[in-house]
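What follows is a set of notes on a single structure, which appears directly below.
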Amino acid sequence: MNSVSKSFLRRGRLPTEMDKQALEYTSSIAVDKEIFEADLKVTEAHVAMLINQKIIPSEAGAKILSALAKIRAQGYNELAKSSFEDIHEAIESKVIEMVGEHQGGWVHTGRSRNDEVATCLRIRLREYLIEISESLINLLQTLLEKARSEKDALAPAFTHTQIAQPTTFGHILLAHFNALARNLTRLLEVYNRVNQSPLGSGALTTTSYNIDRRLTADLLGFNNILDNSIDAVGSRDFILEAMATYTLLATDISRLCEELILFSSDGYRMVELADEYSSTSSIMPQKKNPDTAEVARARCAQIVGMLTAAFTLCKGLPFSYNRDLQELNKLLWHSSRTILDTLKIVEKIVATLKVNRSRMRQLVEQSYSTTTELADTIVRESGIPFRAAHTIVGLAVKKALEKGIEPNKLNLKMINTCSKKVLGRALNISEEAIRNALDPATFISRRRVEGGPALETLSKAFSDKQLWLKEKIALIKKVKTELEKADNKLRKTVAEYTTPTVS
Ligand code: ARG
């Protein structure tokens, strides 16, 4: 049975309490832990602006501001003890409890929970985007260092999971660097679109009070305001965009983990995870399993899943605010934390990875992976078209495999036997040219084209990437300084408008 409502939100229009189960089911208070601090800031900026615009009595504003400071000091847990629809209601209720309704009752003048929550979400997401970008930079830096120390480590490169051509392990690691680095660019782009203020949009059509949206935006460190109030409270593409970027990032991390798992498996044995990131079996004493990378791969799957849930939630919603949007927050925070934790752990896995150079060399030497270079050499030396050379070498490999001849034992005689079959004549090429072409080191050193594994090409790439990372680090530092400045301004403004005591 419903009892008479004690809620200041319900007591006018809905004078009975909400059903307890329904309140628990619909409340976001647990998830709103993420935006507790953001909501205090948003409320402070809003109240300071209301005082500044002479919309509320300065005395009431001052009391509210000092109540907010007290609430901050008491912390989220104190507030979450009672049941509320959300953190916004909880904070307003606490303010009223602390300073009385005749003063505290002014706090929500000219705003709605709709613009309030949208602002809080953007503030918290900004912090996550910065933290995630910083963790990604750490991973990129570690990958770059590892790639540098493995720049001359001969390694097999795969297509279709079959050994294709030789390269260096540094070249392989740098491929992962490039893929992951694009996500850093994406994260920083998303940040700019997140960093716009919806505050002042009210429920959806702004307000008739003479509010100053630019002032609150400035105090909260936003670059701009969103210029349509319905869009400002109803849009969540900033969340979808962030989650989509996490998903692209997670896909690349998962592929990196997959390679580490595969390359550490018994068939490959190219790398080994440090003991600290591995597990053993409860029954098979010899086992060393790459569990941490496997869990990271699985967490990446969850990020994809949450994105699917988020898009599905949004796609059928009319503008502007619908309570469904509250459920999106849960997905956003969960995927933000998941990608953050995953980045941190994968960085550690890469930093401590052991690379088995002799095994990688063995894999290259056992394969016929230099024969692309042999075909190319035949083209250059004897002037025949590539397709003919490809056929001749293909035939030679087939024969060698049938007779159990090792890759580096392919010789002029065998090549010419095949050439006679294809062209009806022997080739004008030396034994030495064939020997050189089959050498994996030569294969690599000849690939000096931009993007290739030759040492000088790779070294240039390393310094370019290092410079690129430095620029991004500087950019993030600038963004953080801007936020700090805004925060100091907010603190100063709040102090100016606050009376020292709350009874
Ligand atoms: N807890 C809500 C959310 O996260 C806050 C906005 C509530 N607005 C409303 N009209 N019920 O979305």
Side-chain angles (χ1 to χ4, degrees), residues 5 7-14 16-43 45-46 71 76 79-96 107-128 194 197-207 216 220 226 229-240 242-243 306 309-337:
S5 177
S7 156
F8 61 84
L9 290 188
R10 295 177 66 82
R11 70 190 180 199
R13 178 69 175 84
L14 303 171
T16 53
E17 270 323 354
M18 197 170 181
D19 173 77
K20 195 168 171 289
Q21 206 178 335
L23 179 60
E24 272 168 21
Y25 183 72
T26 56
S27 171
S28 62
I29 196 90
V31 178
D32 289 347
K33 185 172 184 180
E34 293 277 357
I35 54 169
F36 169 69
E37 182 56 38
D39 199 46
L40 291 172
K41 282 187 192 173
V42 169
T43 308
H46 178 67
I71 295 170
Y76 164 83
L79 212 59
K81 278 181 188 161
S82 327
S83 37
F84 289 104
E85 270 187 39
D86 51 36
I87 197 79
H88 320 293
E89 188 193 12
I91 290 179
E92 184 179 349
S93 160
K94 197 75 180 170
V95 167
I96 289 174
V107 66
H108 208 57
T109 313
R111 75 167 179 182
S112 153
R113 279 186 294 174
N114 297 352
D115 58 342
E116 186 180 353
V117 72
T119 313
C120 294
L121 295 174
R122 284 171 183 268
I123 288 175
R124 183 69 184 107
L125 180 53
R126 270 190 330 206
E127 294 167 353
Y128 265 123
V194 171
S197 176
L199 197 61
S201 298
L204 75 166
T205 63
T206 71
T207 175
T216 48
L220 294 168
L226 288 153
S229 57
I230 300 177
D231 174 49
V233 295
S235 289
R236 290 295 186 271
D237 56 293
F238 72 98
I239 291 182
L240 296 179
M243 290 178 69
M306 286 186 268
F311 270 105
T312 313
L313 188 157
C314 288
K315 72 164 275 300
L317 288 184
F319 264 67
S320 59
Y321 182 82
N322 302 274
R323 191 72 180 274
D324 312 48
L325 292 178
Q326 177 180 287
E327 296 301 294
L328 193 57
N329 309 345
K330 207 183 286 178
L331 297 168
L332 174 63
W333 307 137
H334 194 182
S335 55
S336 300
R337 275 195 306 273

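Both counts, for ligands and for their atoms, begin at 1 and track the order of listing.
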Measure from the side-chain N and O atoms of Asp115 to the backbone N and O of Gly200, and report whether any donor-acceptor pair falls under 3.5 Å.
-> yes
Validation row: Ile87, Tyr76 side chains within 4.5 angstrom (heavy atoms) = yes
How does Ile87 reach ligand 1, by side chain, by backbone, by both or by neither, if only non-hydrogen atoms under 4.0 Å count?
-> neither
Can you check whether Arg323 has an N/O within less than 3.5 Å of an N/O in ligand 1?
-> no
Does Arg113 pair with Glu92 as a salt bridge, N-O distance under 4.0 Å?
-> no
Give the residue and atom name of whichever protein heavy atom lies nearest to atom 6 (C) of ligand 1, and the separation in Å to one decimal.
-> Tyr321 OH, 3.4 Å
Quick one: side-chain contact (heavy atoms from CB on, under 4.5 Å) partners of Lys330, sequence neighbours excluded?
-> Val31, Glu327
With no hydrogens and no angle check, is any side-chain donor or acceptor of Asn322 less than 3.5 Å from a backbone partner on Asp324?
-> no
Do any N/O atoms on Asp32 end up under 3.5 angstrom from N/O atoms on ligand 1?
-> no
Report, in ascending order of atom number, the atoms of ligand 1 lying under 4.0 Å from any heavy atom of Asn329.
-> 4 (O)
Just which atoms of ligand 1 are under 4.0 Å from any heavy atom in Ser28?
-> 1 (N)
for atom 5 (C) of ligand 1, nearest protein heavy atom and its distance come out as Asp86 OD2, 3.4 Å
Ser229 side chain to Leu204 main-chain N or O, any donor-acceptor pair under 3.5 Å?
-> yes
Decide whether an N or O pair under 3.5 Å exists between Gln326 and ligand 1.
-> yes
Heteroatom distance test (Glu85, ligand 1): nitrogen or oxygen, under 3.5 angstrom = no
Where ligand 1 meets Arg113 - atom numbers and elements under 4.0 angstrom, heavy-atom basis | 6 (C), 7 (C), 8 (N), 11 (N)
Run the side chain to side chain donor-acceptor pair (under 3.5 Å) check on Arg111 and Ser201 step by step: do they pass?
-> CA-CA 7 Å; Arg111 75 167 179 182; Ser201 298; over 6 Å; no
Numbering as shown, the atoms of ligand 1 that approach His88 to under 4.0 Å (heavy-atom distance) = 5 (C)
With a 4.0 Å cut-off, would you call Glu127 and Arg124 a salt bridge?
-> yes
Output the list of atoms in ligand 1 that are nearer than 4.0 Å to some heavy atom of Asn114, sorted by atom number.
-> 8 (N), 9 (C), 10 (N)
